[in-house]
Structures are given as C-alpha cells and as structure tokens.
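These numbers come from a predicted model, not from an experiment. Proteins get letters first, then strands, A, B, ... in listed order; numbering begins at 1 in each.
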2 protein chains.
Amino acid sequence: MKIDPKSTGDLSTQIAQAIRDAIIGGDLIVDERLPSEAELADQFQVSRPTVREALKRLAAQSLIRTQRGASGGAFVNRLSFQDAYAQQVTTSTLLLSMNAVKFDTACEARYALERACGPLSAERRNPDHLATMRAEIHRQSQPGLSDEAFCASDVAFHRALVDAAENPVLSYQLAGAVEAMQPLMNMITFTARSREQIVAFHTRIADALEAHDSAAVDQSLRELAAYTISLADQLMRKRKQTT
Amino acid sequence: MKIDPKSTGDLSTQIAQAIRDAIIGGDLIVDERLPSEAELADQFQVSRPTVREALKRLAAQSLIRTQRGASGGAFVNRLSFQDAYAQQVTTSTLLLSMNAVKFDTACEARYALERACGPLSAERRNPDHLATMRAEIHRQSQPGLSDEAFCASDVAFHRALVDAAENPVLSYQLAGAVEAMQPLMNMITFTARSREQIVAFHTRIADALEAHDSAAVDQSLRELAAYTISLADQLMRKRKQTT
DNA sequence: AGACTTTTAAATGTCTGACAAATGAAAAGT
DNA sequence: ACTTTTCATTTGTCAGACATTTAAAAGTCT
C-alpha cells in the first residue's frame, strides 16, 4: 500500500485513494483492522493529522469505521445495503436539486425504473408486501393526514412495490430514484394532486399484484405516470398565466 | 448553521452534518464560499484540524471543493452527473463485492433496469448512439482483443444503449448497475462466454434500435439475459463436478 | 480458584502553534 | 498604461501535547 510520488493532489487525497484501492482490490478484507494512525503516518511519511484527514474521507463513504480505546482503530466496513441506500438517496437528492432537472425527465426515469420491477413483483409478492401496501393505502385514505405524511406514505407504498420484487440489488438501485423524487413530487402534491385519485391508482396496483397480474400492474403504473405528468403540465400552464 | 450540543458522535461528524444540512436545505447555494477554516473553527468553537476533518468528509462526497491561496477557500460544489455517476459506480461495486450477492440476483436486476429504458431508447436513439454501438460491435469482433478490452467494450455498448434513452437521470441510475456488474461478469467472460454469440446479440439490439422496434429490443435483451444466466449456471455445475 | 476491582497501555479525538505553498490583489516601479 | 514586485489571505502540512475511551492485564478479596 503505497502512494504514487508523482501523483497529483493533496497528500490526504492520495492516501485515501491508496487505502481505497487496497480495500477494493481485496488487500484489505472486511473487518480487518488498519494500522494505527501513528503507524500509517510512519508508513506514508506524513503527519498524523494528514492521515486522519484521509481516514475521515473514507469514513464519509462508509468504507471504514473507527473505534476508540485499546484494540480500537480503523476497520474495513462491510458496506451494507442500508448504508449504500442512504448514500444513494443523499446523492440523488443533491443531484436533482442542484441541476435543474426537468420534472418530466425525473418522472419518466422514476416510472420507467419502477415498471421494470413490476413483472417480478407481480410474480413474487408475498402477503407481507400486500399487507404493507394495504396499510399505506388505508393511511392515505384518512382525511386528517398531513401533506407531508401523505407523501411519506406514498413513498412507503412504492418502496413496498419495489421490495416485492425480492431483489435487494433492484431495491437498492430504485431506492434513490423513488425517494429522491419526493421533494420534486411535493411541488405538485400540495396544490393539484387529488388524494382520491392516487388512492384509486394504488388500490388498482395492489389488486393487480395480489392477482399476479403483471400486465395490469404495468398498465396502472403507466397511467399513474401519465396522471402525474399531466398534473405537472397543468401547474406549469397555471404558472405561465399568472406571470 | 450550528451543531446540536447534545448530539452524538465526533465533533467533525457533527460539523460535517451541520454544513451538509445547510447545503441540502439551501442555506448555502452552489459556488458559494464557505467561511475560512479559521472562521469556521471560531464559529463552531473547535480547532482548525477538527474543522478540516469535517471539510474532508464533505469533499469525499463531492459536496465541496477547496482552493488554496488568497480568495481561496471551500466552495459548495455543483454535483455533476459525472461525479454522481462515479460515486454510484464505486458504491455499487463495493456493495456487490462485499455482500456475496448471487449472480442471478445481480444479473436479473441489471437486465430488468436495462430493459426499462429499451422502449425509450428505441424511440429516441440518434445516429450518434447507433454509430457508437456499431463501433463497439466492430471492436468486439476483432480477434486480437484482450478479455479486459472486450469487457470494457461490452460495458460501453450497454452504456450507449442506456444513453440512447436521452434521459440523464436514467443514465445515472443505470450507470452503477451496468458498470458495477463488470467484475461479476468477468467471472464468466474469461471461461465460457462466446464472443460470437455476444456480438450477434449486440447486432440484433442495434438493428432493432435502428428500426425503432421496441419489442425486438426487449426480446433481444431478454434472450441476452437468459443466455448470461445460463452461462453462469453451466459454470456453477462445472465447479460442483470439480470439487 | 474464582469473581470483582484497579491499574495500565494503546488508540482515537482534540487542541495549540507554527511553517510552507499557492494565489489573487494591491503596491511599486518602469 | 503596463509590468513587476510585494504582500496578505487561505489552504496544506507538520510536530507535539493532552483528553478520553476502552480492553486487557494486574491486583485484591472472598
């Protein structure tokens, strides 16, 4: 594990990269303890603060975890689906909020991805998934629900739909797409969206899943996507009239 | 921008989170300059190394960039699709390599996602996309190509297929799935995979895209997925016999 | 001998102070 | 007016120190 002397950038960047490469390359395995900060400083011929900056970079990516005390240190972290999921949601949210992505584009991407797991979900959904979806539908039907809670329930419903595909990789990939879209969705939720309409769509989807009817799931998702986009269009036109 | 005094964890973690929240919450906008390290240290009542560790955490997530010299400092970074893409590939690769994901699961996820953008790609593909795909097919047909180069070309082909959907959000989401799968794919590439077969599949896909034939694209991708999984099965059986 | 308490050593977390290097802007010189 | 020099600001890096946490070792009592 060595740093390239002619490499560019800060020392802490180079050291972080060297350790990252060692982890990805399998030279450091999960739960293995890294040398102590003092040893790393010796090894890389830098000071301890520099080593620490490198370690913090890795910690920010959940590649390592640190523990204080005797027999403590930095350990290679097993990246869990949950960690990866959280990172993806953060990244996707920032990406969408900072790059003025058109609503149509985001919406199209989201429903295209969601429809990708429709057939699998229709095949593999189990009673637990159905129960979760029914529960969320019931919650969405309650009149006293706040807009934020309705949105959260909406996300939970679609999450259950994705999870029903029983494919953790798919769930992970879609998590960011579905959850990062929530802020964008809010834009229209608080104005035009009809809760009855959404609940009706969700009920159709749940029914189709229960019946293992893949085509019906796909059709419902298509229509839900179309409905969502039409709402956004309406809003756009209304805004143009106002200004 | 303040840290919660009763919050848990390291100071650098808390400070990083406070700044992250400020960025996500819109209190710090893109390209805005953060206070200097000395000022942040004053503000949060910590030392400069602690502030620096927090900033390195954020830099690791591409949330900020730093510049030395007068009128330098840390600036809020516009998270580009490219940055997000790179992060996703890293995360996905680690996730798959550390969690013993079954090949079938990963493969299923990959092709389900890829098929999701098939109809869009069939509709919107332009001559550039087709040219890229034809070029990669041509490269894959050359006898002298190394296994690594064949794999890279394979990834480039599928990347072009995804990009043809002309939806950057979709491209970003799929990038991780396609590229992170490469190491897993290599597992079978170097043994059982028939290049002629793969090239034939790719040609069929490119032809279908050129003809705007969405159904044919989907069918080709289905068969390619089935072929890939069958190869993995073969390999598994062979391994069982050996041991 | 075994269970409990105390001590100790190792490691991370944090601080202070300092210097090096880069860089843009102001000041000086032509 | 233009070029060069100087300078202040800011990040990058270093050295050394102390605080805090933690597990293991040593000691002590029953």
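- The residue among R52(B) and S71(A) whose nearest nucleotide of DNA chain D is located toward the 5' end is R52(B).
- Straight-line distance from the CD atom of Q45(A) to the P atom of dC14(D): 9 Å, rounded to whole Å.
- Taking atom CG of residue L55(A) and atom C1' of nucleotide dT14(C), one finds them 15 Å apart after rounding to whole Å.
- With E53(B) as the fixed residue, the side chain to side chain donor-acceptor pair (under 3.5 Å) test singles out one of K56(A), R57(A), R52(A): R52(A).
- Which of dC15(C), dT22(D), dT13(D) sits closest to the side chain of A70(A) comes down to dT22(D).
- Of the listed nucleotides (dT12(C), dA21(C), dA23(D)), dA21(C) has the atom at the smallest distance from the side chain of R68(B).
- Within 4.0 Å of R65(A), counting heavy atoms only, lies no atom of the nucleic acid at all.
- Applying the 3.5 Å distance criterion, the base of dT13(D) shares a donor-acceptor pair with the side chain of R48(B).
- Using a 4.0 Å cut-off between a side-chain N of Lys or Arg and a carboxylate O of Asp or Glu, R65(A) and D31(A) qualify as a salt bridge.
- Using modelled atom types and a 3.5 Å distance limit, the side chains of Q87(B) and D83(B) yield no donor-acceptor pair.
- Between D163(A) and R124(A) there is no salt bridge, since no side-chain nitrogen of the basic residue lies less than 4.0 Å from a carboxylate oxygen of the acidic one.
- Which of dT10(D), dG12(D), dC14(D) sits closest to the side chain of T50(A) comes down to dC14(D).
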